[in-house]
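For reference, the structure is listed below as structure tokens.
Just so you know, these numbers come straight off a predicted model, no measurement behind them.
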Amino acid sequence: MELQGMAPEVAKKFKYWQTRTIIASMIGYALFYFVRKNLSIAMPAMQDDLGITKGDLGLFLTLHGLLYGVSKFANGFVGDRVNARYFMVTGLVLSAACNIWFGFSSAVVMFGIVWMLNGWFQGMGFPPCARLLTHWIPPTQLATKMSVWNTSHSVGAGLVVIVCGYIVSLGWRWCFWFPSIIALVGAVGLWFALRDTPRSVGLPELNSKKGVEEKEDTSAEFKQFVRKNVFGNPAIWVLAIANFFVYIVRYAVLDWGPTLLGEWKGVSIHHAGWMVAAFEISGIVGMLVAGWATDRFFGGRGPRVCVICMALATVFVALFWGISQPPMWLATLLLGAAGFCIYGPQALVGIAAANIATKKAAATAVGFTGLFGYASTLVSGWGLGLLAQHYGWNIAVGALILIAIMGTLIFMAAWSAKANGYDND
């Protein structure tokens with residue numbers, strides 16, 4: 001059932017809950033970034049204070065990302081079957097607790113353990129959101145509205161680097177304590193604002209056959225559906241593999257941006273925070289444009305937009321690399337342009353996977369693509385850190401360009417993929 005087929009009073013109530021769910025989950029997911037992307041600003045101060053090397057810091061990023069990817073994948077199965085409200089709030093509270101613990105630590109081994117735990121709990125953030133969005137938004141509107149929702153990534157990551165860029169002057173530990181307090185307050189608000197599916201508030205489910213009550217699949221039926229529509233779907237495999245390359249480029253800037261800009265371009269930590277925020281803020285606009293263009297001009301076929309965006313991102317990263325001493329405004333402009341382009345694929349991979357897998361397995365499909373995305377931290381975290389440590393940032397960013405080219409070519413393999421899987425549901 002679509003909104004047009006509902007009685008006016010039912011459609012009005014549905015629209016209210018749809019809007020409330022999108023806004024509440026956006027704020028909630030942005031707060032996950034408050035207790036995840038705060039490390040990048042703290043890293044230069046941690047190097048000076050504790051003598052931690054780039055290799056060690058890169059290893060933290062890699063272990064965190066790998067465990068996050070596994071958690072996102074594993075929790076995707078759970079997220080399709082449990083109450084999204086309970087699941088999301090629990091993950092945010094536990095992530096905040098890990099950050100508080102991290103702030104009180106000083107040993108390298110303890111940093112690694114706590115940040116790995118944080119990676120696992122972070123994986124409880126997106127799966128419930130995928131469940132919520134695919135239950136509350138019709139597939140014909142998913143690219144546009146979920147792109148709006150996806151701005152939560154950039155809002156959270158952008159705000160936290162700006163905030164931490166100032167409070168780091170109080171000591172790097174405050175980069176973990178202060179965002180944790182904000183996240184805990186937000187978790188309370190999320191508990192009161194969210195509900196689960198339309199059925200949980202007495203509304204009809206979307207995409208259900210008229211006159212037929214929609215029931216939850218049994219465990220065996222769900223597993224069979226996932227095998228066929230997620231793991232047996234070539235388009236989802238292409239999106240997942242391409243996501244590996246998207247996230248290398250994205251996280252290279254988010255995780256290493258302040259360090260790279262300071263050491264390679266001579267930018268102060270305060271300005272570096274704003275420049276990385278520009279990457280994120282431009283990404284917000286890029287997501288919105290990519291989502292709108294997908295529904296408006298490409299009939300919901302996200303992979304086609306991904307090809308265009310990834311190719312343009314490659315061009316702007318190459319320009320940033322090729323100009324050795326750009327003025328501040330030009331360096332910021334090039335980073336912003338790269339962010340505008342890379343966040344199109346970042347958003348559309350999950351949107352396309354969710355639409356292809358349908359609402360029955362959206363969290364599983366998104367978790368699967370996320371597994372590949374966060375496996376990328378082997379390269380963007382540890383790999384890039386070692387490359388910069390031994391060969392310099394010029395070589396490291398040059399390697400990033402080759403990675404972006406590979407991602408563009410892989411996206412092309414999904415050019416003919418269907419817009420959604422509901423015809424096969």
Rounded distance [0.5 Å steps], [atom1] in [X] versus [atom2] in [Y]:
X      : Y      : atom1 : atom2 : value
Leu133 : Lys145 : CG    : NZ    : 11.0 Å
Ser376 : Tyr247 : OG    : OH    : 8.0 Å
Met88  : Asn75  : CE    : CG    : 13.0 Å

Next on the checklist: Between Asn229 and Ile356, is there a side-chain heavy-atom distance shorter than 4.5 Å?
Outcome noted: no
Next on the checklist: Is there a side-chain contact between Ile342 and Val317 in this structure, where contact means two heavy atoms from C-beta onward sitting under 4.5 Å apart?
Outcome noted: no
Item to check | Between Thr21 and Arg85: side-chain donor-acceptor atoms closer than 3.5 Å | outcome: no
Checklist entry - Looking just at side-chain N and O atoms, do Trp292 and Ser147 make a donor-acceptor pair shorter than 3.5 Å? => result no
Checklist entry - Would you find a donor on one side and an acceptor on the other, under 3.5 Å apart, between the side chain of Glu205 and the backbone of His135? => result no
Over 12 foreign heavy atoms within 6.0 Å of [atom1], [X]:
X      : atom1 : answer
Trp191 : CH2   : yes
Phe178 : CZ    : no
Trp17  : CH2   : yes

Checklist entry - Do the rings of Phe176 and Phe102 sit parallel, tilted or perpendicular, given the 30° and 60° boundaries? => result tilted
Next on the checklist: Which label fits Phe368 and Phe73: parallel for a plane angle under 30°, tilted from 30 to 60°, or perpendicular past 60°?
Outcome noted: tilted
Next on the checklist: Quick check: Trp136 with Phe14 (ring centres under 6.0 Å apart)?
Outcome noted: yes
